[in-house]
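Worksheet: the structure to be examined is printed underneath.
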Amino acid sequence: MLKLCPNCSAELPAHARFCNKCGAEILAQADGFPAWGWALLGVGMLGVFAVCFAIGLFLWRTSPASAQTPTALPASATPAPGLPIATRSVSTSTPRPTLTTEPAKNMAEISGEVSFAAMRNSPGYVGKNDNRDVIVEIPAGSQVEILEGSQSADGLRWWLVSWNDYQGWVAERTGSGKTILVFNP
């Protein structure tokens with residue numbers, strides 16, 4: 001999604017922090033979504049949660065695994081004559097599985113073989129204007145999250161990464177063979 005520079009009206013990528021044309025800082029925007037829209041969205045999400053919770057509770061209570069079977073009281077608990085025999089419910093269901101945590105995200109570190117890694121708008125560097133294509137320079141030792149598998153461009157493997165709210169492409173190695181991305185196990 002493109003957005004416009006508030007200073008010169010140049011078209012910018014959605015993740016741009018500065019205008020490529022005039023250099024003005026681009027402040028975070030709600031993409032034109034009005035404040036009442038966010039409130040309405042929140043109320044709608046709460047309603048969806050309530051409905052999903054109610055359906056889940058209904059399904060859990062009606063599932064065979066949660067069925068309750070009555071068992072008689074012990075013989076020592078004899079009721080008074082003429083009164084019904086009391087029973088109690090004992091769950092015969094098997095324990096429900098616990099939720100597992102989300103697996104660790106794929107991470108990499110910017111190698112010490114380079115002083116920084118240039119994060120670009122798209123894979124490749126040959127014939128590109130660095131002033132327009134480089135989003136940010138990531139310092140050596142920084143951790144980045146791998147968002148997407150590699151693509152090949154200009155004889156190098158490029159990875160879509162996220163770092164400090166920036167997203168862009170970083171090469172696995174330099175053109176001269178120095179390691180840029182060190183992948184964490």
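As the structure is a computational prediction, the values presented were derived from the model and not from experiment.
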Using modelled atom types only, decide if a donor and an acceptor are shared between the side chain of [X] and the backbone of [Y] within a distance under 3.5 Å.
| X | Y | answer |
| --- | --- | --- |
| Asn129 | Asn131 | yes |
| Asn106 | Ile146 | no |
| Asn121 | Val134 | no |

Sub-4.5 Å side-chain heavy-atom contact between [X] and [Y]:
| X | Y | value |
| --- | --- | --- |
| Arg120 | Tyr125 | yes |
| His15 | Gln167 | no |
| Trp158 | Ser152 | no |

* To do: Indicate, with yes or no, if Phe183 and Ile138 share a hydrophobic cluster defined by side-chain heavy-atom contacts under 4.5 Å among Ile, Leu, Val, Met, Phe, Trp and Tyr.
  => yes

Enter the distance from [X]:[atom1] to [Y]:[atom2] here, rounded to the nearest 0.5 Å.
| X | Y | atom1 | atom2 | result |
| --- | --- | --- | --- | --- |
| Leu181 | Arg157 | CG | CZ | 10.0 Å |
| Glu137 | Ile110 | CD | CD1 | 11.5 Å |
| Gln151 | Trp169 | CD | CH2 | 3.5 Å |
| Ser111 | Lys178 | OG | NZ | 9.5 Å |
| Ser150 | Leu160 | OG | CG | 11.5 Å |

* Asked: Do Trp159 and Glu172 have side-chain N/O donor and acceptor atoms under 3.5 Å apart?
  -> yes

* Asked: Does atom NZ of Lys128 have more than 12 heavy-atom neighbours from other groups under 6.0 Å away?
  -> yes

